[in-house]
Each structure stands twice: as structure tokens, then as C-alpha cells.
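The structure under discussion appears below in the form of C-alpha cells.
What you see is a predicted model; the values in this text were computed from it and never measured. Order of the sequence lines fixes the chain letters, A, B, ..., with proteins taken first and strands second; residue numbering starts at 1 for each chain. All values below were derived from every heavy atom in this structure, side-chain atoms included, with hydrogens, water molecules and symmetry-related copies excluded.
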Number of protein chains: 2
Amino acid sequence: MTTIYDVAKHAGVSPATVSRVFNGTNVSAEKVAAVREAAELLKFTPNRTARSLRLQSSEVIALVIPDIENPYFTEMARGVEDAASEAGYSVVLCNSDSQTEKEATYLGIAVAEHMSGVIIAPASEKTDLTPVLSTGRPVVVVDRGTGYDVDGVVMANRVAGVAATQALIDAGYRRIAYIGGPEQIDTAVERAEGWRSVVSASEPAFDTDALERFATFRVEGGREAMQELLALPHPPDAVVAGNNLIGVGAIQVLTERGLTPPQIGVAVIGSLPFTTLSPTAVTVVRLPARHMGTTAAKMLLERIRGDKQPARTVVLRNEVQVASALR
Amino acid sequence: MTTIYDVAKHAGVSPATVSRVFNGTNVSAEKVAAVREAAELLKFTPNRTARSLRLQSSEVIALVIPDIENPYFTEMARGVEDAASEAGYSVVLCNSDSQTEKEATYLGIAVAEHMSGVIIAPASEKTDLTPVLSTGRPVVVVDRGTGYDVDGVVMANRVAGVAATQALIDAGYRRIAYIGGPEQIDTAVERAEGWRSVVSASEPAFDTDALERFATFRVEGGREAMQELLALPHPPDAVVAGNNLIGVGAIQVLTERGLTPPQIGVAVIGSLPFTTLSPTAVTVVRLPARHMGTTAAKMLLERIRGDKQPARTVVLRNEVQVASALR
DNA sequence: GTGAAAGCGCTAACAT
DNA sequence: ATGTTAGCGCTTTCAC
């Protein structure tokens with residue numbers, strides 16, 4: 001490994017000058033040239049570990065997500081990466097697998113590795129951010145809320161729930177069920193509220209409890225809940241899926257039973273990037289995941305650069321893609 | 001930030017002893033207790049940057065993939081993460097976006113950050129591994145081959161191509177087209193060879209050139225190629241998709257035109273994790289992506305621990321899930 | 001504009 | 001078994 005000293009020797013300057021050349025401070029043109037040439041020749045790459053030990057910070061940000069296999073989060077990761085790499089930062093992707101302990105481990109690593117900041121989609125409301133906040137590092141919370149006074153980027157969840165349900169009502173469906181995520185997760189709760197408000201308004205006697213199901217935010221969760229709903233004495237004629245994977249699971253079950261949408265109405269909150277459905281059969285409330293990622297990254301970078309304004313929360317609007325095929 | 005010196009002072013020992021306690025060497029029971037207590041009290045976390053500067057290595061491995069939004073690669077990432085975190089290593093996920101320059105940047109970062117090793121699914125055959133190999137760090141190449149003498153884990157691509165095509169033949173299809181990936185990528189070429197060998201054997205006069213298409217390994221690539229094939233004067237009665245995303249694109253186009261499988265036979269090389277298709281309509285040759293990830297991680301960890309045996313390449317068998325609905 | 005030297009937090013000889 | 005100390009590669013005062 002070639003160091004700043006090797007380069008200095010070859011260029012006939014001091015190590016300090018080499019450092020200056022690589023950090024853009026006042027150095028005479030000739031010395032700059034000499035240093036660059038020597039660096040080229042010796043294939044010198046600055047040692048980031050040494051640099052970050054000295055600077056007490058590294059140009060890396062941590063992105064902690066609960067499910068690396070969910071396209072919603074990878075799309076977001078993509079957005080974070082775009083914004084970060086444009087600013088010369090790299091992104092470490094950490095998969096908490098929805099486990100608070102794993103999440104805590106990664107947050108610990110983030111500080112122990114001197115990372116500049118963290119973007120996190122919390123695994124639950126138990127997420128403890130103090131280890132990183134106490135070091136003064138900025139945190140941006142995405143997708144979900146937390147009790148901490150930090151920047152956040154969230155989706156307009158209630159609005160998404162309303163839009164999904166309303167599209168189904170407009171298409172003529174009446175018994176609209178809802179399959180949401182875990183009861184403790186606030187995004188899930190907000191989306192459910194949107195659904196509940198629309199169905200209750202449409203029919204005052206609507207028995208929301210009978211048609212609401214809580215699932216995991218996974219394909220399997222959607223499958224199980226859909227099966228339960230279909231087994232009901234008086235099954236629904238439509239369903240709102242609380243996230244993309246639940247939507248996939250629900251549609252799989254319907255397809256297997258020959259109840260292809262729009263025979264039963266289906267609206268999904270979240271995009272379905274790899275489905276093979278006709279786009280006219282299902283209403284999709286697209287959540288701008290990639291945009292959420294870039295927004296979060298930009299906010300974090302501002303904080304890293306020393307921005308001290310009070311914490312902000314950005315709420316992202318979503319775009320509704322209504323099924324055109326009605327039953 | 002509390003350091004080893006703070007802990008040493010509180011515990012009434014030397015910094016070296018604190019270090020020893022955290023690295024499991026001979027320290028008397030009393031001192032261990034004193035150090036642990038002080039560390040607890042002061043919320044001490046070892047500084048990984050300093051540690052890796054000193055050790056010239058960090059317990060981090062880099063995983064470089066060409067498309068973070070492809071479930072095939074995220075599934076693989078999941079496997080890598082499982083094996084690595086079990087061994088106390090963390091994984092930095094880098095998205096090269098199929099660009100050789102981005103890939104080179106990340107490889108540079110991997111060495112500049114003293115990462116212990118890298119697992120890479122190369123963006124192309126131009127990938128230059130020398131910057132990392134020359135530092136003595138181990139590399140495991142996954143999914144695709146390279147010209148380097150390093151460990152690798154690949155799928156049985158030719159076999160997969162044969163299996164996909166044979167399933168279609170067995171189901172009675174005769175004009176079987178193939179939509180593959182970019183011509184320069186060896187996995188794509190091998191899978192195509194499998195297809196070609198089966199169709200040529202089935203009918204000596206088979207005009208393979210007319211029915212072979214090269215696409216990008218993306219949904220859009222599959223869509224375009226499928227459209228071209230359908231516009232042919234004498235279109236195919238079945239198609240083999242060279243990867244999961246191409247399969248999604250092809251099936252989307254077919255569905256939009258009302259040609260739902262198995263009206264046209266479809267076989268896909270790679271799993272379709274988020275499709276809503278009836279599983280009986282499409283033949284899927286599952287590629288064990290997660291297993292590829294864990295295998296690669298284990299091989300890399302062995303090398304990191306000093307294993308010096310000659311380079312190995314592991315070929316992973318795949319599992320065929322034949323469509324049961326025949327036309 | 002440039003160099004000398006200290007120090008970021010840790011580990012590993014080397015002494016004791 | 002434990003302490004002392006040098007040094008990993010870099011940045012940055014402080015002199016000149």
C-alpha cells in the first residue's frame with residue numbers, strides 16, 4: 001500500500017503538501033504537478049480509514065431498512081444512493097430484518113465507523129436512536145415516524161388509504177375489506193384510517209371490524225389474510241392492500257381461485273414493480289419511494305454540512321393509478 | 001466519545017489491558033470485571049476506525065452488484081448478509097448499476113476502507129479486479145465468470161437453458177423463441193446455448209437465429225423483445241426468458257394482448273418472487289440466489305481467515321418448477 | 001507556500 | 001499478567 005510519504009518522497013515535497021494537494025488548499029502549481037505525477041505513478045489512493053480517524057468522520061452514510069427484499073425499500077435505497085454518490089458519499093445498506101436488536105447493532109457500527117449520518121426506516125417504535133444522536137450525528141427517519149425530534153420523510157398515508165378506497169367505491173364496489181400491516185406500525189394504522197373513513201362515510205352501518213385484517217408486511221401475510229376474508233360467511237367484494245407485498249399475496253390467492261380482478265376489486269397502496277397483471281385490472285396508489293430516498297439523502301447531507309434549522313418532516317404525495325377495467 | 005484511555009483510567013488499569021479485555025487475551029478475572037464495569041458506565045464502544053487503521057483490515061466485506069432493484073440480486077445479498085453477520089462481519093452493499101466506472105469506484109473504496117474482502121457480480125467482462133487483488137484481499141466472483149484466478153459461484157446456466165426449453169418441448173410447443181441478456185455477458189450466452197441445443201435437436205432445420213433476441217436484463221428489455229417476436233411473420237408458440245426481469249416483461253406484453261400463458265408457452269430462468277400469476281401457467285427454473293450468496297460469503301470468509309488452497313468455482317444446481325397447465 | 005511534528009484511538013511487540 | 005510505547009496514514013496547527 002502506497003502512502004502519502006511515498007508520494008512525498010518521489011515528488012520531493014513534504015507529506016503535508018501531498019495532503020494539501022488532495023484536499024484543495026494553497027499549493028504552487030509546480031508542486032501540484034509533481035505530486036499528481038508521483039501519485040499517478042505509484043497508484044496512490046488516500047487511505048480512508050486514516051483520514052476518517054483523523055477527521056472523526058467518514059464520507060459514508062448508513063441506510064438501515066427493515067426488508068432488503070422488498071422492492072419498495074430497494075427503490076428507496078436507489079434514490080438514496082443517487083443523491084449520496086452525487087455528493088461524493090457512499091452508502092452502506094443495512095438490513096435490520098425488522099428486528100430491533102439487529103437494527104441496534106447496525107446503529108452501533110455506524111457510530112463506531114465514524115459514519116457521517118444515518119437514514120433509517122425504523123423496524124418498530126422501539127427503535128433507539130440515542131446512541132447515534134448523542135454523538136451529534138444527524139439522522140433522517142423515513143417511511144415511518146418516531147418519537148425523536150429529527151428530520152423525517154413520510155408518505156401521505158392517510159390520503160393513500162382514502163384514495164385507494166375511494167377508487168374502489170367509484171368503481172361500484174361496496175363491501176371493501178382492508179388488509180393492513182402490523183397494528184403497531186403507524187404507517188399501517190394511518191392507511192387503515194383512510195380506508196375506515198371512506199367506508200364509514202359510504203355506509204354508516206359498515207362493520208369495519210369484520211373486514212379489517214392485520215398482517216405482516218409480506219406476501220405471506222397478504223395471502224393468509226385474503227384467505228380468511230374469502231372464508232367469511234359474507235365475504236367482501238373488494239379489498240385494499242396496505243402495502244405492495246400484501247397486495248401481491250392477496251392477488252395471488254384471488255388468481256388461484258379464479259377470482260381475477262376486477263371480478264373482485266383490488267386496490268394496492270404501493271407500486272407493484274414486477275407484476276404481470278394487466279395494468280387496467282388493479283388500482284395502484286403509487287408511493288414515490290425513490291423520491292423519498294433522494295429527499296432523505298439531501299436533507300441528511302444538509303445536516304452533515306452543518307445546517308441547524310429545527311427538524312422538518314416532509315410528507316410526499318402519491319399518485320393514483322386507477323384501474324380502468326370495472327366489473 | 002469515550003476511548004480506551006478513559007476506561008483504563010476509571011478501571012485503574014492500562015489502556016493495553018482494556019484492549020486485551022475486548023480482544024479476549026489473558027487478563028485476570030478481577031481486572032476483566034473492573035474494565036467491563038467501567039466500559040458499561042462510560043458507554044464505551046471500541047472505535048472501529050482506529051482498530052482497522054491499526055489492523056489494516058476491518059470486519060466489513062463489500063458486495064458489489066449490478067442492479068439493486070433486481071430481486072435476484074437482493075435475494076443474493078440477503079444470503080451474503082446472513083452468512084457474514086453470523087461470522088461478525090458486516091456487509092456494505094454497492095450498486096454498480098452495470099457501469100464499469102461506478103464499479104471501479106466502489107472497488108477503490110473497498111480497499112481504501114480496508115475492507116476484508118469483496119464479493120462481486122461483475123458488470124461486464126471489463127471489470128478490473130487488480131486494484132483489490134494486488135492488496136492481497138480475497139475476491140469471490142458470483143453469478144458471472146471472469147478471467148481472474150479467483151473463487152467463484154455460478155449457476156448451472158447451460159443446464160438451466162436446457163431445462164427451460166425441454167419443459168416447453170415436453171408440453172408440446174414447437175417454435176420456441178429465446179430472449180436472452182446482452183451478448184457480452186457469459187451467463188446469457190450459456191443459457192442461450194442450452195436453448196439452442198434443445199431446439200436444434202428437436203428439429204434439425206430449426207432456424208435459431210430468427211427466434212433469438214438479445215435484450216437488456218430488465219423488464220423493458222423483455223417487453224421490447226417480446227413485441228418484436230410477436231410481430232414476426234411466423235411468430236413463436238413459446239418463449240424462454242433468459243432472466244427473471246425479461247420474463248416479467250415478456251409476460252406483461254403477452255397478458256396485455258390476451259395471450260396469457262399457457263396459450264403461449266413461457267419458461268423463465270430465474271424466480272419470479274412478486275408475480276401474481278397462477279403458478280401452474282409458467283415454467284420457472286429457480287436459481288438459488290440466496291444460496292449463492294451464503295456460499296460466496298462462506299468461501300470469502302475462509303480466504304479471509306487465511307485459506308490458501310487453489311481457486312475453486314462452485315456450480316449451483318437449479319430446480320425446475322414445470323407449468324402443469326398445458327395448452 | 002511549505003515543512004515539522006503532534007495526535008486521532010487502537011493493538012502488539014517488548015519489558016517487567 | 002500487566003504496563004510502556006511505537007506506529008497504522010492522515011490532517012492540521014504552528015513556525016518559517
**Message:** Do A:Met155 and A:Arg144 make a side-chain contact, defined as non-hydrogen atoms from C-beta onward lying under 4.5 Å apart?
**Reply:** no

Select one nucleotide: of [options], the one nearest the side-chain heavy atoms of [X].
| X | options | result |
| --- | --- | --- |
| B:Gln56 | C:dG3, D:dG3, D:dG9 | D:dG9 |
| A:Thr17 | D:dT11, D:dA6, C:dG3 | C:dG3 |
| A:Ala16 | C:dA4, C:dC10, D:dC10 | C:dA4 |
| B:Ile4 | C:dA4, C:dC10, D:dT11 | C:dC10 |
| B:Asn47 | C:dT11, C:dG9, D:dT4 | C:dG9 |

What about [X]: does its side chain form a donor-acceptor pair under 3.5 Å with the base of [N]?
| X | N | result |
| --- | --- | --- |
| A:Arg48 | D:dG9 | no |
| A:Tyr5 | D:dC8 | no |
| A:Arg20 | C:dG3 | yes |

Take the protein atom [atom1] of [X] and the nucleotide atom [atom2] of [N], then report the distance between them rounded to whole Å.
| X | N | atom1 | atom2 | answer |
| --- | --- | --- | --- | --- |
| B:Asp6 | C:dC10 | CG | C1' | 13 Å |
| A:Leu53 | C:dC8 | CG | C1' | 4 Å |
| B:Glu113 | D:dC8 | CD | C1' | 15 Å |
| B:Glu30 | D:dA1 | CD | P | 12 Å |
| B:Asn23 | C:dG9 | CG | P | 17 Å |

**Inter-residue atom distance B:Tyr72.OH - B:Asn243.CG, 0.5 Å rounding** = 9.0 Å

**Asked** NA contact type, B:Ser28, heavy-atom cut-off 4.0 Å: base, sugar-phosphate, or nothing?
**Response** sugar-phosphate

**Request:** Check every strand shown and say whether A:Phe44 touches a base, only sugar-phosphate, or nothing at a heavy-atom separation below 4.0 Å.
**Result:** sugar-phosphate

Phosphate oxygens OP1/OP2 of [N]: is one of them under 4.0 Å from a side-chain N or O of [X]?
| X | N | result |
| --- | --- | --- |
| B:Arg51 | C:dG9 | no |
| B:Lys31 | D:dG3 | yes |
| B:Thr3 | C:dG9 | no |

**Message:** What I want to find out is whether A:Asp151 reaches A:Arg312 closely enough, with some N-O distance under 4.0 Å, to be called a salt bridge.
**Reply:** yes

**SB check A:Glu113 B:Arg48 (cutoff 4.0 Å)** = yes

**Item:** Audit row: B:Ile68, B:Asn70, side chain to side chain contact (heavy atoms under 4.5 Å, CB included) steps and yes/no
**Value:** CA-CA 6 Å; B:Ile68 196 183; B:Asn70 184 337; over 6 Å; no

**Message:** Taking the nucleotide of DNA chain D with the nearest heavy atom to each, does B:Asn26 or B:Leu55 sit closer to the 5' end?
**Reply:** B:Asn26

